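Encoded as structure tokens, the structure appears first; notes follow it.
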Number of protein chains: 2
Amino acid sequence: MKEIEKTLENKNVRPTAMRILIYKYMAEKEIAVALTDIENAFAKSDRTTLYRTLKTFEEKGIVHQIDDGTSTTKYALCEPGCNCEIEQDLHLHFHCSNCNETVCLTEHKIPHINLPDGYVAEDANLVLKGICDKCSRQ
Amino acid sequence: MKEIEKTLENKNVRPTAMRILIYKYMAEKEIAVALTDIENAFAKSDRTTLYRTLKTFEEKGIVHQIDDGTSTTKYALCEPGCNCEIEQDLHLHFHCSNCNETVCLTEHKIPHINLPDGYVAEDANLVLKGICDKCSRQ
DNA sequence: GCAATAAATGCACTTCTGTTGCATCAAAAT
DNA sequence: ATTTTGATGCAACAGAAGTGCATTTATTGC
């Protein structure tokens, strides 16, 4: 628990009880989580607080947002080396259409794409959809 | 106009007045459009009709949905050779953060990605964000 | 042409996610 | 201890997506 506190403090985020809980929850889950997931996990939680907590976490580079094509924004903890506050860490994401879970494939970077003249890419989002690890083995 | 009628009939969609108008609108615009765009373009239009029209168009392979990361679904006419009803036509999309427009880069296919063991990809979505053609020239 | 049937449209309403304003509470600084 | 700042909770709103049902329009069989 003390570790989480330190992590938050290092990122200039005050380690309040709720924030520690949220961080812990996300660290335990290995998949990307939606705001609603966290809301359901904690009986005594307010959507606004969670929303703003995640926003702060994102601004301070603790989590990154994932748009996996389901109409709900997901969040995942950044890896130790990730510096997506400065420049996008362009790894890809995988969304399983069976279990509906989204995971970061941090090892898989988005390949470079040659664009037509005049187009300047600043950011990229690549989501693969299909059957994940867990589901395909069953 | 007769051409549009034929196109719709070929795809097994009854060419009603509204449907022809929507098709025409999408053909003239070269960018992907949101339901709201169409709604604003026609004073006398009902969102539900547009919604269901686009749904039918999509099912019949006339348009394809685009998730460009803005929280609104966009639609674009399929190219003549596109058969995304059967298998995804995996071209990429570009979203301009300046003019806020989304275009299909139909010539640019999504490169093959090697996934970890157990993962089976069935579909992919790649959106590049940045400054488009038009905006970068100004 | 006319009745029967099927498809398309329009209205009202609901749900879900994301978001903001404001009051309150807790913590940090002076 | 008081002031100031930041965090939290409630209420309410906005936008997009989606559903149910009644009505209109088109198509089919007779």
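Chain letters run A, B, ... following the sequence lines, proteins first and then strands; every chain starts at 1. Since the structure is predicted, the reported quantities are computational estimates derived from the model, not experimental observations.
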Mind checking if [X] touches a base, just sugar-phosphate, or nothing, with heavy atoms under 4.0 Å?
X       : result
B/Arg52 : base
A/Arg19 : sugar-phosphate
B/Arg14 : sugar-phosphate

Problem - Test of ring centre spacing under 6.0 Å for A/His93 and A/His95 - result: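 That pair fails the under 6.0 Å test.
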Problem - is_close_aromatic(B/Phe57, B/Tyr75), centroid dist under 6.0 Å - result: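 For B/Phe57 and B/Tyr75, the ring centres are not under 6.0 Å apart.
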Do side-chain atoms of [X] reach the backbone of [Y] as a donor and acceptor pair under 3.5 angstrom?
X        : Y        : value
B/Lys134 : B/Ile131 : no
A/Arg14  : A/Glu9   : no
A/Asn40  : A/Asp37  : no

Find the distance [X]:[atom1] to [N]:[atom2] and express it as a whole number of Å.
X       : N      : atom1 : atom2 : answer
A/Phe57 : D/dT8  : CZ    : P     : 9 Å
B/Asp46 : D/dG18 : CG    : P     : 16 Å
A/Leu50 : C/dT20 : CG    : C1'   : 16 Å
B/Ile38 : D/dA16 : CD1   : P     : 13 Å
B/Met18 : C/dA7  : CE    : P     : 21 Å
B/Glu39 : D/dG15 : CD    : C1'   : 11 Å
B/Leu8  : C/dA7  : CG    : P     : 17 Å
B/Lys74 : D/dA16 : NZ    : C1'   : 12 Å

Exercise for the section: Taking only the side-chain heavy atoms of A/Leu35 (C-beta and beyond), determine which of C/dT9, C/dG18, D/dC10 contains the nearest atom. Expected result: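 Closest nucleotide among those given: C/dG18.
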Exercise for the section: Output the single nucleotide from D/dT19, D/dG9, C/dA8 whose closest atom is nearest the side chain of B/Thr48. Expected result: D/dT19
N/O (side chain, [X]) to phosphate O (OP1/OP2, [N]) under 4.0 Å:
X       : N      : result
B/Thr16 : C/dT9  : yes
A/Thr36 : C/dT17 : yes
B/Thr49 : C/dG10 : yes
B/Tyr51 : D/dG18 : yes

Problem - Position toward the 5' end of DNA chain D (nearest nucleotide), B/Thr73 or B/Pro15 - result: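 Its nucleotide being nearer the 5' end, the pick is B/Thr73.
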